[in-house]
Amino acid sequence: MIDIKLIRDDPERFKKAAKDKKIEVDIDRLLQVDTGLLTAKQRLQEIATEKNRVGKSIPKLTGDEKQQALAELAKLKAEEPPVDEKVEQLQPEFDFLMLLVAQPADDDVPLGKDDTENVELRREGQVRKFDFKPKDHVQLGADLGIIDIERGVRLAGTRNYFLKGDGARLHLAVLQFSMDVMLARGYTPMSVPLLMKDEAMQGTGYYPGSEEQTYRMETDELNLAGTAEVPLTAYRMGEILNEEDLPLKFTGLSTCFRREAGAAGKDTYGLYRIHQFDKVEQVVICKNSVEESNKYHKEILSNSEVVLRALELPYRVVVVCTGDLGRGQAKKYDIETWMPSRGNYCETHSASKFYDFQARRMNLRYKESATKKNIFCHTLNNTVVASPRILIPILELYQNADGSVTVPKVLQPYMGGQEVIK
RNA sequence: GGAGCAGUGGCCGAGCGGCUGAUGGCGACGGUUUUGAAAACCGUUUUACCCUUACGGGUAACGGGGGUUCGAAUCCCUCCUGCUCCGCCA
């Protein structure tokens, strides 16, 4: 959410932000509603002031004076309904429009229409050249008996799968390893609820907008989170934190559920785009300062790079262009890891910086020691690792000519010292 | 799932129709005193929005929403949350 005062002061900035991000929002209408609402509320306030003044005198009055005061009160009361009605009509529209206003992208974010115009920052690691014909992860998974997509689909529908044996172990190993990396870096591990109320979805910015991507438990009015970002960021929703307690750094492992509506026919092959996966996520909640936000944006990006380097996977970092940014994101780095079967670097991580966009939506503040004022926090998040997507590059890049797969060195301790899957 | 009880400021806890944004205690902060600290004493201590250059003023909020009333923390309805007992089950 954006401070309405900023929108009043510079509407053009927010029209441009929406246009750059390809987001629909009627700023003119918002300001119109805002003015109407303000006028009505001021009138209501004047009436209330009068009512309070007259009402307070009632117990002291008797006879005619009292009757007169009561009559005056009745008159004031009669003025309220039309104004009230206006507020009741405009307030919901105002609230809804406010949820649609986009956070302007940072000035250094490249202008672009979609993910094809994201800008590569740098490449890390060497892309492996094979001296034999490599298999893709689906083939490897089937041949080694560690991935069973066929039965996953049979039992749960398209985009579902089973991992079994060493496949399941490798999956757990990479998650556990990533969690341990984050622990070593001072992040607090969290196990989180995944059925979230609408408020949490709205607070993090997923609602309104991503309802179609979300599995919803209609009987209970709860939503299956698509990422632990939701519970981790909303953890202290509505609270006023102590400045000394910031930054809050969380890491959480959770299953992630995504409907992938509108992606029909896209990335249907293999384990790339699936309805359910597990992910270690990182969230930082820090003070309201651009410098702090930028500092932690770099930090969460580098945390994930530590994981990828440890896994010895080649990747590149891209700056996401305006057209591919979400409503609340001021800037986003994606990490794309090399996937031989796709012949490309593909998104495995996404590091987002929100400033106070999410904090405003969920009323998450801290008390600034110096001024005693309550100030909205800044929030950021990034993937630490998402599996089984990360198993695609791991399996494909670590495969051997004989069809076996070497276990990455850092994961071997998590698999009881096992060095190879065969 | 059934029955009962309860939700007040950072915390504890009064109030049960107007003089209560709310007594008191604790905590926190500032001051006096002290070589320093403690203690004691004095003072301050919610939030949102609106008006105002400022000083300041106004409105709203006692779990959420609605109602009764000239007026509600206080009465009524409803929802939510917590606790206790019973049932059921990991």
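Excluded from the calculations below are hydrogen atoms, water molecules and symmetry mates; all remaining heavy atoms, backbone and side chain alike, are included.
On the P atoms, B/rA72 is 16 Å away from B/rU20, given to the nearest whole Å. Separation of the P atoms belonging to B/rU78 and B/rC85 is 27 Å when rounded to the nearest angstrom. Between the C1' atoms of B/rA28 and B/rC11, the separation comes to 11 Å (whole Å). The gap from the P atom of B/rG10 to that of B/rC5 amounts to 29 Å, rounded to the nearest Å. B/rG17 and B/rA90 have their C1' atoms separated by 50 Å, with the value rounded to a whole Å.
Two residues, A/Lys367 and A/Leu70, neighbour RNA chain B, and the one matched to the more 5' nucleotide by heavy-atom proximity is A/Lys367.
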What string of B, S and - do you get for nucleotides 48-66 of chain B 5' to 3' if you count protein non-hydrogen atoms under 4.0 Å?
S-BS------BSS------
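Look at B/rG30: its Watson-Crick or wobble partner, with both distances under 3.5 angstrom, is B/rC42. Under the Watson-Crick or G-U wobble criterion, with both distances below 3.5 Å, B/rA3 is paired with B/rU84. Summarising the base pairing, B/rU20 is matched to no nucleotide, lacking a Watson-Crick or G-U wobble pair whose two defining distances lie under 3.5 Å. Remark: B/rA14 base-pairs with no nucleotide in the shown strands. Criterion, Watson-Crick or G-U wobble with two distances under 3.5 Å. In a base pair of the Watson-Crick type (N1 to N3 plus N6-O4 or O6-N4) or a G-U wobble (N1-O2 and O6-N3), with each distance short of 3.5 Å, B/rU59 is matched with B/rA48. With a cut-off of 3.5 Å on both pairing distances, B/rU53 has no Watson-Crick or G-U wobble partner at all. Summarising the base pairing, B/rU35 is matched to no nucleotide, lacking a Watson-Crick or G-U wobble pair whose two defining distances lie under 3.5 Å. In this structure, B/rG71 makes no Watson-Crick or G-U wobble pair, since no nucleotide meets both defining distances under 3.5 angstrom.
Listed by chain and residue number, nothing satisfies the salt bridge (Lys or Arg N to Asp or Glu O under 4.0 Å) test with A/Glu396 (two or more places apart in sequence, or in another chain). Residues satisfying the salt bridge (Lys or Arg N to Asp or Glu O under 4.0 Å) criterion with A/Lys298, sequence neighbours excluded, are absent altogether.
The distance between atom CZ of A/Arg360 and atom C1' of B/rU47, rounded to the nearest whole Å, is 15 Å. In this structure, A/Ile240 atom CD1 and B/rC11 atom C1' are separated by 15 Å, rounded to whole Å. Atom CG of A/Asn242 is separated from atom P of B/rA28 by 13 Å (rounded to the nearest Å). The interatomic distance linking A/Lys197 (NZ) with B/rC79 (P) rounds to 15 Å, in whole Å. Taking atom NZ on A/Lys372 and atom P on B/rU47, their separation rounds to 10 Å, with Å as the unit. Rounded to an integer number of Å, the gap from A/Glu221 CD to B/rC79 P is 14 Å.
Identified under the ring-ring contact (aromatic ring centres under 6.0 Å, His included) test for residues 41-61 of chain A, with sequence neighbours left out: none. Screening residues 195-204 of chain A for salt bridge (charged side-chain N to carboxylate O under 4.0 Å, His left out) gives A/Asp198-A/Arg216 as the qualifying pairs, with residues at least two apart or on separate chains.
Note on A/Lys66: nothing from the nucleic acid sits closer than 4.0 angstrom, heavy atoms only.
Ion pair A/Glu299/A/Lys249 flagged as a salt bridge, since at least one NZ, NE, NH1 or NH2 atom sits closer than 4.0 Å to an Asp/Glu carboxylate oxygen.
Remark: A/Arg327 is not positioned above the aromatic ring of A/Phe357, lacking an NZ or CZ atom under 6.0 angstrom from the ring centre and at most 45 degrees off the axis.
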May I have the list of side-chain donor-acceptor pairs in residues 227-235 of chain A shorter than 3.5 Å, sequence neighbours left out?
from	atom 1	to	atom 2	distance (Å)
A/Thr227	OG1	A/Glu229	N	2.9
A/Thr227	OG1	A/Lys279	NZ	2.7
A/Glu229	OE1	A/Tyr206	OH	2.6
A/Glu229	OE2	A/Gln358	NE2	2.9
A/Glu229	OE2	A/Asn381	ND2	3.2
A/Thr233	OG1	A/Glu229	O	2.7

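A/Phe257 and A/His275 have their aromatic ring centers separated by at least 6.0 angstrom.
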